[in-house]
Participant: 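Here it is: the structure, laid out below.
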Amino acid sequence: MLGWIGKAGLLFGMMASAMAADGVKSMADESRTVASQLVAQIRGELVKELERTGPIRAITVCKYSVPEITSSLSRQTGMRVTRVSLRARNKSLGEPDVWEQKALLDFEKRVAKGEKVESLELQELVDEPIGRYFRYMKAIPMSAACLPCHGPVNQISEGVRAQLATEYPLDRAYEYQVGQVRGAVSIKKLLSGKD
Ligand code: HEC
């Protein structure tokens, strides 16, 4: 039998874990909202710029606007927001870590089984050497608007190819088909550090 201290402790423990579960749920909800908005906003800006000035100028959207948006989202939410891909164009910003690689491979398997890219997401609590992290990923679909820069090489204009080749010598972000997973928005937050 538990004494009253034990009962109070048990109750407090249950409340604490319910509160923690609540916290994780609200973080997941917020992550989903942030990631969906980001995907829609990037696509919108790209489509606008492609129509207005063409693909060479639109490179600046993926190159400058997106990192600006992700870092301002990170500051606003207190969660690290990035974009990653198994075949990144920009090695320094777009390379996934081990957890992100596993999640992206899992997304590809789910697409092969018939799931829609738009609905793919994953969330997990992950223990790392310095503490426990909340991690979230939402897949970024490859759409027609992405073809001028991420599609089959023989369909990409020479000007764009030349521009990308000088800026990204290690570029692997070609040969994507519409409907594939182009990458993912990845969100990470430290929940509790180790003393
Ligand atoms: C006008 C050319 C252009 C178009 C169109 C374009 N991108 Fe990009 N994309 C780039 C460039 C350039 C980068 C590298 C950005 C950087 O320097 O971080 C990039 C990077 C990315 C990355 C980050 C991972 C990586 O490969 O480095 C993702 C994800 C991405 N693009 C998705 C998309 C999606 C989805 C679309 C269509 C909605 C799209 N892009 C359309 C040029 C383009």
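Just follow the structure's listing: the first ligand is 1, and inside any ligand the first atom is 1.
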Participant: Do any nitrogen or oxygen atoms of K63 lie less than 3.5 angstrom from nitrogen or oxygen atoms of ligand 1?
Facilitator: no

Participant: Do V111 and L122 sit in one hydrophobic cluster, given that two such residues count as connected whenever their side-chain heavy atoms are within less than 4.5 Å of each other, even indirectly?
Facilitator: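 Same cluster: V111 reaches L122 through Ile, Leu, Val, Met, Phe, Trp or Tyr contacts under 4.5 Å.
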
Participant: How far apart are the C-alpha atoms of D29 and R32, what are their side-chain angles, what is the distance that settles it, and do they pass the salt bridge (Lys or Arg N to Asp or Glu O under 4.0 Å) test?
Facilitator: CA-CA 5 Å; D29 289 343; R32 188 173 304 113; 3.1 Å; yes

Participant: Any idea which protein heavy atom is nearest atom 5 (C) of ligand 1, and the distance to it?
Facilitator: A145 O, 3.4 Å

Participant: Can you report which non-hydrogen protein atom sits closest to atom 17 (O) of ligand 1, along with the distance?
Facilitator: Y168 OH, 2.6 Å

Participant: Closest non-hydrogen protein atom to atom 18 (O) of ligand 1, residue and atom name please, with distance?
Facilitator: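 Among all protein heavy atoms, the one nearest atom 18 (O) of ligand 1 is N90 ND2, 3.0 Å.
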
Participant: Under a single-linkage definition using a 4.5 Å side-chain heavy-atom cutoff for Ile, Leu, Val, Met, Phe, Trp and Tyr, are L147 and V39 assigned to the same hydrophobic cluster?
Facilitator: no

Participant: Is the NZ or CZ atom of K189 both under 6.0 Å from the centre of the six-membered ring of F134 and within 45° of that ring's axis?
Facilitator: no

Participant: What I want to find out is whether R87 reaches E175 closely enough, with some N-O distance under 4.0 Å, to be called a salt bridge.
Facilitator: no

Participant: At what distance is the nearest protein heavy atom to atom 29 (C) of ligand 1, and which residue and atom is it?
Facilitator: I140 CD1, 3.7 Å

Participant: Judged by non-hydrogen atoms, does P141 sit under 4.0 Å from ligand 1?
Facilitator: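 In this structure, P141 qualifies as a contact of ligand 1 - some heavy atom is under 4.0 Å.
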
Participant: Can you see whether E128 engages W99 through a side-chain donor-acceptor pair at a distance of less than 3.5 angstrom?
Facilitator: no

Participant: Using a strict cut-off of 2.8 Å, how many protein N/O/S atoms surround atom 8 (Fe) of ligand 1?
Facilitator: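 Total protein N/O/S atoms under 2.8 Å from atom 8 (Fe) of ligand 1: 2.
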
Participant: Do me a favour and list the nearest non-hydrogen protein atom to atom 21 (C) of ligand 1 with residue, atom name and distance?
Facilitator: R83 NH2, 3.3 Å

Participant: Do the charged groups of K102 and D106 touch, with an N to O distance under 4.0 Å?
Facilitator: no

Participant: Report, in ascending order of atom number, the atoms of ligand 1 lying under 4.0 Å from any heavy atom of A58.
Facilitator: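 It comes down to these atoms of ligand 1: 1 (C).
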
Participant: When you look at I69 and E45, which way does the side chain to side chain contact (heavy atoms under 4.5 Å, CB included) test go after all the steps?
Facilitator: CA-CA 12 Å; I69 301 170; E45 291 201 14; 4.2 Å; yes

Participant: Which part of I59 is near ligand 1, with near meaning a heavy atom under 4.0 Å away: side chain, backbone, both or neither?
Facilitator: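 The answer is both.
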
Participant: Is P67 in contact with ligand 1, taking contact as a heavy-atom separation below 4.0 Å?
Facilitator: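 It does not; every heavy atom stays at 4.0 Å or beyond.
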
Participant: What I'd like to find out is whether the side chain of S85 reaches to under 4.5 Å of the side chain of Y176, using heavy atoms alone.
Facilitator: yes

Participant: Side chains of R83 and S186: is there a donor and an acceptor less than 3.5 Å apart?
Facilitator: no

Participant: For Y174, does the six-membered ring have the charged nitrogen or CZ of R89 within the cation-pi criterion, i.e. under 6.0 angstrom from the centroid and within 45° of the normal?
Facilitator: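 Satisfied, under 6.0 Å and within 45°.
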
